[in-house]
Amino acid sequence: MAYPADKSAHHLLPACRRGDRRAQEAFYRLHFPRLLPICMRYLRNREEAVGVLNHAMLRIFQSLDDYREEQKLEAWLATIVRRTTLNFIRDEGRARRRFQPENYDPPASVANAAPGQLNAEDILKLLQALPDYLRVVFSLAVIDGLPHQEIATELEITVAASRWRLAKARELLRGHYQSINRINESLL
Amino acid sequence: MSTPDNNWEDHWRETLADHKASPPSTMDWGGMEELLEAKVAPLSPIKAPISSLEGKTLKLPGLPWPVWAIAIALVLALGYWLGSHTALGVSQEMNTIPKKTSLADALTPPADTIFDTLFSVGANGELTEEIISIERAIVNRTTAQKSPEINTSLPAGKSPSPSTPVNLNREKLKAGSNDIAPSTTPAVLLSEAKAPTTSPEFFTGIRRPDTPSSAPGLSYDLSSKPTVRPNRGGYVRPLKTLSPPTDRELLEQRIKALSLSEKLVITPLRYKNGHFPAYRPRN
């Protein structure tokens, strides 16, 4: 029996707890579109984000017994996905690969270049062009709204480093905006 | 607070909050399924080993105090014995380590190191054996033994010709008063080792008269002065390329090499030639 796509996640939870594979697939397909952008704004590309999201979903299936009904399921899932993503980044950072400074290589073009009119795909494209050590701080500070103290704790860096990375990311993105605007004005 | 500078940030936050990615592909779910099949059983929290002791307290076995006293004394005695044993071994090892006080001591060999043994023939035919050390040549002993005269089968009064091949008559060699066999005399050994391998028939150069046994059959008296050959009316120095080095030249070369090798003491540059270098102000 196939589970309907629009069936509420709460109805899928008991079957998922029992390990029903079809229920797990329906749960996965239902929440995948909302959870994948969380990974994508921290990681480099979609393939990496899908890999990390699968590990986060595995943790979700293993922790369904801990979920309480009064909690908001969407927020609970997002929290697990974000923590799994940060753990992944931190593990890579321990290997001293991810947080090495890199050159900023912005995307060649975005669909619409007005600063306040970018769609989500273009925003993600710009974010993923940022160096890793800047993109993570920018996403945590601007998109998730975490304070620098918490960012520093999550990434095992200093507060000053977190501030500097956020300023650097803003500077790069702003400069990229200006260059795109100049190109668009010349084309008009 | 919203400022013009971060208006775009607010827009980004709202846009990404409402954003939905495309539905997962079959490959995405395939990866998820592999993970689920690899870890079907839910992971139970791993308990630390110490958790098995929760609620229990570690208690030493209840033994009477004399047993504890004896056990502690035994442990102390064992520790003392091990400590003294280790200290003795370390002291013995320290005694066996050679002491090198300075770099000069480390580089200079001992004074009694025998470097080489040299045999030289004096002008009067004395064979002198010298033992050379790197410190200084030590004249060990001088044997007043004349080199054995080598007689030829040529009649007396007839001067030998270098190109005349005459076999050496070794039976007529006379050993000195010493019990050293003539064949093992250093001069003989040295002359045999340095003899040219070419046949005398093909040797066209003029031979130096003090070259021993280079022309077999010739007889030279080492006690006489060989620099002048009466039958030629004077000494003609042979070409270097055609004559092998004589024993004397070999000895001189070795002595020169040894004398050069003695210069192991590194002297400061300012004492070169016994003088300080000229003062040159730096610009």
Side-chain angles (χ1 to χ4, degrees), chain A residues 5 16-17 19-21 24-41 46-47 49-51 53-66 78 114-124 126-127 138-139 141-145 166 169-170 173-174 177, chain B residues 1-61 75 79 82-83 86 90 93 97 103:
Chain A
C16 289
R17 286 194 182 102
D20 187 344
R21 187 57 48 84
Q24 287 175 341
E25 182 179 358
F27 185 90
Y28 180 84
R29 291 185 181 278
L30 178 65
H31 293 284
F32 182 92
R34 302 287 299 183
L35 298 179
L36 185 64
I38 298 175
C39 299
M40 285 186 66
R41 64 180 183 239
R46 188 182 185 279
E47 289 74 22
V50 169
L53 177 62
N54 285 350
H55 281 86
M57 291 296 278
L58 181 67
R59 287 188 61 186
I60 288 169
F61 289 138
Q62 292 172 349
S63 310
L64 279 178
D65 291 334
D66 299 334
Q117 298 173 1
L118 286 175
N119 59 29
E121 295 295 333
D122 291 340
I123 292 171
L124 287 177
L126 285 172
L127 280 182
F138 182 84
S139 297
V142 174
I143 309 300
D144 295 326
L166 177 62
R170 279 175 171 154
L173 290 170
R174 200 175 295 122
Y177 269 158
Chain B
M1 192 179 85
S2 180
T3 62
D5 227 18
N6 58 12
N7 275 339
W8 57 275
E9 294 180 1
D10 296 335
H11 167 71
W12 280 26
R13 190 181 305 113
E14 294 166 2
T15 306
L16 288 180
D18 298 333
H19 177 57
K20 275 190 173 183
S22 56
S25 63
T26 311
M27 193 178 295
D28 297 338
W29 169 246
M32 185 70 230
E33 207 167 15
E34 286 181 5
L35 278 179
L36 287 170
E37 287 172 359
K39 298 178 180 179
V40 172
L43 292 177
S44 58
I46 301 172
K47 292 184 177 178
I50 195 66
S51 63
S52 61
L53 298 174
E54 282 180 357
K56 302 175 184 176
T57 54
L58 291 173
K59 287 183 179 177
L60 294 172
V75 169
L82 283 176
T86 308
V90 169
E93 287 179 3
I97 296 175
L103 182 63

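Protein chains get the first letters and strands the later ones, always in sequence-line order, with residue 1 at the start of each. Just so you know, these numbers come straight off a predicted model, no measurement behind them.
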Participant: So for A:Leu64, is it side chain, backbone, both, or neither that comes closer than 4.5 Å to the heavy atoms of chain B?
Facilitator: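 Contact with chain B is absent: no heavy atom of A:Leu64 under 4.5 Å.
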Participant: Does B:Asp28 form a side chain to side chain contact (heavy atoms under 4.5 Å, CB included) with A:Leu53? I'd like the steps, not just the answer.
Facilitator: CA-CA 10 Å; B:Asp28 297 338; A:Leu53 177 62; over 6 Å; no
Participant: Under a 4.5 Å heavy-atom cut-off, does chain B meet the side chain of A:Gln24, its backbone, both or neither?
Facilitator: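 Its backbone and side chain both get close to chain B.
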Participant: Tell me, for A:Val142 versus chain B, whether the close heavy atoms (under 4.5 Å) come from the side chain, the backbone, both or neither.
Facilitator: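 Contact with chain B is through both the backbone and side chain of A:Val142.
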Participant: Taking salt bridge (Lys or Arg N to Asp or Glu O under 4.0 Å) as the definition, give me every residue that meets it alongside A:Asp65, ordered by chain and number, with sequence neighbours left out.
Facilitator: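 In terms of salt bridge (Lys or Arg N to Asp or Glu O under 4.0 Å), with neighbours along the sequence ignored, A:Asp65 is linked to A:Arg17.
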Participant: Would A:Arg34 and B:Asp18 count as a salt bridge (charged side-chain N to carboxylate O under 4.0 Å, His left out) here? Give the steps.
Facilitator: CA-CA 9 Å; A:Arg34 302 287 299 183; B:Asp18 298 333; 5.8 Å; no
Participant: Answer yes or no: is there a donor N or O on one side and an acceptor on the other, between the side chain of A:Arg29 and the main chain of B:Pro24, under 3.5 Å?
Facilitator: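 Between the backbone of B:Pro24 and the side chain of A:Arg29 there is a qualifying donor-acceptor contact (under 3.5 Å).
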Participant: Report which part of A:Arg59 has an atom under 4.5 Å of a heavy atom belonging to chain B: side chain, backbone, both, or neither.
Facilitator: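 Neither part; nothing is under 4.5 Å.
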Participant: After noting the C-alpha distance and the side-chain angles of A:Leu124 and B:His19, does the key distance pass the side chain to side chain contact (heavy atoms under 4.5 Å, CB included) rule?
Facilitator: CA-CA 10 Å; A:Leu124 287 177; B:His19 177 57; 3.9 Å; yes
Participant: Specify whether B:Trp29 and A:Tyr28 have parallel, tilted or perpendicular ring planes, treating 30° as the upper limit for parallel and 60° as the lower limit for perpendicular.
Facilitator: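 Tilted: the ring planes of B:Trp29 and A:Tyr28 meet at 30° to 60°.
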Participant: Start with the C-alpha distance between B:Met32 and A:Glu25, add both sets of side-chain angles, then the distance that settles side chain to side chain contact (heavy atoms under 4.5 Å, CB included), and finish with yes or no.
Facilitator: CA-CA 9 Å; B:Met32 185 70 230; A:Glu25 182 179 358; over 6 Å; no
Participant: Listed by chain and number, what are the side chain to side chain contact (heavy atoms under 4.5 Å, CB included) partners of A:Ala49, not counting sequence neighbours?
Facilitator: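 For A:Ala49, the residues satisfying side chain to side chain contact (heavy atoms under 4.5 Å, CB included) (neighbours in sequence not counted) are A:Leu36, A:Cys39, A:Met40, A:Leu43.
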Participant: Taking all non-hydrogen atoms of both residues into account, name the closest pair between A:Pro33 and B:Pro23 and its distance.
Facilitator: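 Scanning both residues, the minimum pair turns out to be CG-CA, 4.2 Å.
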